[in-house]
Amino acid sequence: MVVDKKEEIDSESSEQVVNPWEVSVKDDGRIDYDKIIDKFGCQRLDESLIDRVQRLTSRQPHVFLRRGVFFAHRDFNEILDAYERGDKFYLYTGRGPSSESLHLGHLIPFMFTKYLQEAFKVPLVIQITDDEKCIWKNLEPKDSKRLGRENVKDIIACGFDVTKTFIFSDFDNVGGAFYKNMVKVGKCAMAIYGFSGEDSIAKISFPPVQAAPSFPSSFPDLFPGKEKLRCLIPCAIDQDPYFRMTRDVAPRLGYNKPALIESSFFPALRGKNGKMSASDPNSAIYVTDTAEDIKKKINGAVSGGQDNKDDQNKYGANLEEYGEGRMLTGEVKKRLTQVLTEMVEKHRRARAAVTDEMVEAFMAARPLPSMFE
């Protein structure tokens with residue numbers, strides 16, 4: 001498979017760039033998600049699928065589904081078909097550790113994945129791509145591993161079930177059956193992402209690492225004798241190119257294509273351009289931020305409101321939350337500060353309860369005997 005980074009991932013006019021390494025929009029514009037769907041070739045998540053989730057799980061769909069935060073998919077309908085027939089599947093998501101702690105944008109896929117795990121009663125593998133951040137961020141392996149372990153504590157604090165969840169570090173786990181699948185994928189996927197001669201060999205070799213967890217045979221301790229188990233990947237839309245490649249090679253390897261359910265980006269605080277980023281602390285709310293930090297960041301955030309009270313009352317704002325002019329910018333920011341402060345404080349308390357022994361338990365390669373209960 002040949003995926004050219006310029007032709008396939010960037011927009012035709014270069015007004016927006018969305019790929020696993022960069023998300024940006026020209027001239028502070030809005031990300032055009034319809035254009036992304038068209039370029040990537042995925043499907044929009046419609047109400048009929050959300051209604052099916054409610055019917056099959058007998059519980060209200062997650063707010064991220066109801067509000068369209070998770071808005072696109074690949075074969076999610078087939079996962080629901082299989083589940084309705086009584087077939088099982090597992091979840092796979094991941095985290096590239098580039099900072100000491102997570103910001104709220106990082107939490108979105110984990111909050112949603114926890115809901116999926118509970119609603120469908122399925123196991124989960126979480127990949128910590130400490131190797132990826134070592135390559136792209138020029139971190140030393142020991143530093144990347146340390147950040148990964150810190151991020152694992154934040155992930156555990158989201159409330160995952162240890163009897164159904166395996167969290168693994170690439171540095172510690174790549175080998176054996178996992179490495180065999182990496183080699184198989186690498187032999188089928190050629191000229192990936194248009195890497196140039198200036199890119200390191202390590203970058204070129206990484207995509208199969210992210211592809212391998214899509215196949216249950218990569219985890220013989222977890223899924224012995226279950227090589228036909230389907231995989232559903234909750235992730236942000238910028239990760240889609242990795243899994244387009246994975247889905248392309250899967251049939252040639254005799255594996256099922258992984259299904260995806262994909263989210264939009266948590267917008268940066270300082271403008272509509274792009275997403276919250278760990279490389280810009282002022283663009284994001286971190287789970288380590290104090291109440292004063294959150295208040296200061298929200299008060300300084302771009303709101304979409306008008307320049308004065310009269311225009312705000314007359315024209316409203318550019319945001320749906322107060323687009324009819326019934327609330328002023330200050331009121332919205334005050335309410336948002338309250339909500340986010342409560343969320344961050346709740347997470348901080350949960351994170352403080354995570355011990356090193358809990359981390360070891362989640363990261364131990366082991367059978368999960370109650371994973372479908």
**Student:** Do you know which two heavy atoms are closest between Pro234 and Leu232, and how far apart they sit?
**Tutor:** CD-O, 3.4 Å
**Student:** Check this for me, if you would: do Lys114 and Glu118 make a salt bridge, where the nitrogen-to-carboxylate-oxygen distance has to be below 4.0 angstrom?
**Tutor:** yes
**Student:** Does the distance from a Lys or Arg side-chain N to an Asp or Glu carboxylate O, for Asp87 and Lys228, drop under 4.0 Å?
**Tutor:** no
**Student:** With heavy-atom distances below 4.5 Å as the criterion, would you say the side chains of Ile285 and His103 are in contact?
**Tutor:** no
**Student:** Using 30° and 60° as the class limits, which term best fits the ring planes of His62 and Phe112: parallel, tilted or perpendicular?
**Tutor:** perpendicular
**Student:** Any side-chain heavy atom of Phe166 within less than 4.5 Å of one from Ile126?
**Tutor:** no
**Student:** Can you sort out the partners of Phe76 under ring pair (Phe, Tyr, Trp, His ring centres under 6.0 Å), two or more places apart, ordered by chain and number?
**Tutor:** none
**Student:** Between Pro97 and Ser144, which heavy-atom pair has the shortest distance, and what is it?
**Tutor:** CG-O, 3.9 Å
**Student:** Are more than 12 heavy atoms from other residues, nucleotides or ligands located less than 6.0 Å from atom CZ of Arg59?
**Tutor:** yes
**Student:** Identify the heavy atoms of Gln117 and Pro123 that sit nearest to each other, and give their distance.
**Tutor:** NE2-C, 4.4 Å
**Student:** Apply side chain to side chain contact (heavy atoms under 4.5 Å, CB included) to the pair Leu340 and Leu336, showing each step before the final yes or no.
**Tutor:** CA-CA 6 Å; Leu340 295 185; Leu336 178 59; 3.7 Å; yes
**Student:** With a 4.5 Å heavy-atom cut-off, do Lys164 and Val122 have their side chains touching?
**Tutor:** no
**Student:** With the threshold set at 4.0 Å, does a side-chain nitrogen-carboxylate oxygen contact exist between Glu100 and Arg146?
**Tutor:** yes
**Student:** To the nearest 0.5 Å, what is the distance between CD (Glu227) and OG (Ser217)?
**Tutor:** 5.0 Å
**Student:** Using links of under 4.5 Å between side-chain heavy atoms of ILVMFWY residues, direct or through other members, which residues join Leu139 in one cluster?
**Tutor:** Leu147
**Student:** Cut-off 3.5 Å, side chains only: do Asn181 and Ser218 have a donor facing an acceptor?
**Tutor:** yes
**Student:** Go through the steps for Lys121 and Phe372 under the test side chain to side chain contact (heavy atoms under 4.5 Å, CB included), then give the verdict.
**Tutor:** CA-CA 5 Å; Lys121 297 180 175 61; Phe372 294 114; over 6 Å; no
**Student:** What do you reckon, is OH of Tyr179 surrounded by more than 12 foreign heavy atoms closer than 6.0 Å?
**Tutor:** no
**Student:** Minimum heavy-atom separation for Gly105 and Phe266, please, with both atom names.
**Tutor:** CA-CB, 3.6 Å
**Student:** Look up atom CG in Asp154 and atom CZ in Arg351, then write down how far apart they are to the nearest 0.5 Å.
**Tutor:** 4.5 Å
**Student:** Do Phe171 and Val359 belong together in a cluster built from hydrophobic side chains that touch within less than 4.5 Å?
**Tutor:** no
**Student:** Are Phe243 and Phe40 packed together at the side-chain level, in the sense that at least one heavy-atom pair is separated by less than 4.5 angstrom?
**Tutor:** no
**Student:** Check whether any side-chain heavy atom of Val53 lies under 4.5 Å from a side-chain heavy atom of Leu80, and answer yes or no.
**Tutor:** yes
**Student:** Is it true that Tyr115 and Phe64 have ring centroids separated by less than 6.0 Å?
**Tutor:** no
**Student:** Tell me every residue that passes ring pair (Phe, Tyr, Trp, His ring centres under 6.0 Å) with Phe110, counting only those two or more places apart in sequence or in another chain.
**Tutor:** none
**Student:** Could you check whether any side-chain heavy atom of Gln16 comes within less than 4.5 Å of a side-chain heavy atom of Asp32, counting everything from C-beta outward?
**Tutor:** yes
**Student:** Do NZ/NE/NH1/NH2 and the carboxylate oxygens of Glu150 and Lys145 come within less than 4.0 Å?
**Tutor:** no
**Student:** Could you please spell out the steps behind the side chain to side chain contact (heavy atoms under 4.5 Å, CB included) verdict for Asp81 and Arg52?
**Tutor:** CA-CA 10 Å; Asp81 290 344; Arg52 283 192 72 191; 2.9 Å; yes
**Student:** Applying salt bridge (Lys or Arg N to Asp or Glu O under 4.0 Å) between Glu78 and each of Lys257, Arg247, Arg230, report the one that passes.
**Tutor:** Arg230
**Student:** Under the criterion salt bridge (charged side-chain N to carboxylate O under 4.0 Å, His left out), I'd like the reasoning laid out for Glu47 against Arg66: C-alpha separation, chi angles, the key distance, then a yes or no.
**Tutor:** CA-CA 9 Å; Glu47 288 295 328; Arg66 304 196 308 271; over 6 Å; no
**Student:** Inspect the contact between Asp240 and Arg244 and indicate whether a charged nitrogen and a carboxylate oxygen are less than 4.0 angstrom apart.
**Tutor:** yes
**Student:** If we check side-chain contact (heavy atoms from CB on, under 4.5 Å) with Leu124, which of these qualifies: Ile167, Thr165, Leu368?
**Tutor:** Thr165
**Student:** Between Phe120 and Phe89, is the ring centroid distance below 6.0 Å?
**Tutor:** yes
**Student:** Do the side chains of Glu84 and Leu56 get nearer than 4.5 Å, heavy atoms only?
**Tutor:** yes
**Student:** Do Lys184 and Lys187 come close enough that some side-chain heavy atom pair is under 4.5 Å?
**Tutor:** no
**Student:** Parallel, tilted or perpendicular: which describes the rings of Phe265 and Tyr33, with under 30° parallel and over 60° perpendicular?
**Tutor:** tilted
**Student:** What is the distance from atom CG of Leu229 to atom CG of Asn256, rounded to the nearest 0.5 Å?
**Tutor:** 8.5 Å
**Student:** For Pro369 and Pro367, work out which heavy atoms get closest and say how close.
**Tutor:** CD-O, 3.4 Å
**Student:** Membership question, hydrophobic clusters at under 4.5 Å side-chain separation (ILVMFWY): are Ile294 and Val339 in the same one?
**Tutor:** no
**Student:** Looking at every heavy atom in both Phe168 and Pro213, which two are closest together, and how far apart are they?
**Tutor:** CZ-CG, 3.8 Å
**Student:** Walk me through whether Ile108 and Val69 qualify under side chain to side chain contact (heavy atoms under 4.5 Å, CB included).
**Tutor:** CA-CA 9 Å; Ile108 285 178; Val69 175; 4.2 Å; yes
**Student:** Check this for me: does any side-chain nitrogen of one of Lys297 and Asp289 sit under 4.0 Å from a carboxylate oxygen of the other?
**Tutor:** yes
**Student:** Between Glu132 and Arg95, is there a side-chain N and carboxylate O pair less than 4.0 Å apart?
**Tutor:** no
**Student:** Have Asp293 and Tyr286 got a donor and an acceptor in their side chains that come within less than 3.5 Å?
**Tutor:** no
**Student:** After noting the C-alpha distance and the side-chain angles of Gln127 and Asp170, does the key distance pass the side-chain hydrogen bond (donor to acceptor under 3.5 Å, both in side chains) rule?
**Tutor:** CA-CA 7 Å; Gln127 181 180 39; Asp170 282 346; 2.9 Å; yes
**Student:** Does the distance from a Lys or Arg side-chain N to an Asp or Glu carboxylate O, for Arg44 and Asp38, drop under 4.0 Å?
**Tutor:** no
**Student:** How far apart are the C-alpha atoms of Gln239 and Glu262, what are their side-chain angles, what is the distance that settles it, and do they pass the side-chain hydrogen bond (donor to acceptor under 3.5 Å, both in side chains) test?
**Tutor:** CA-CA 9 Å; Gln239 298 300 300; Glu262 302 171 310; over 6 Å; no
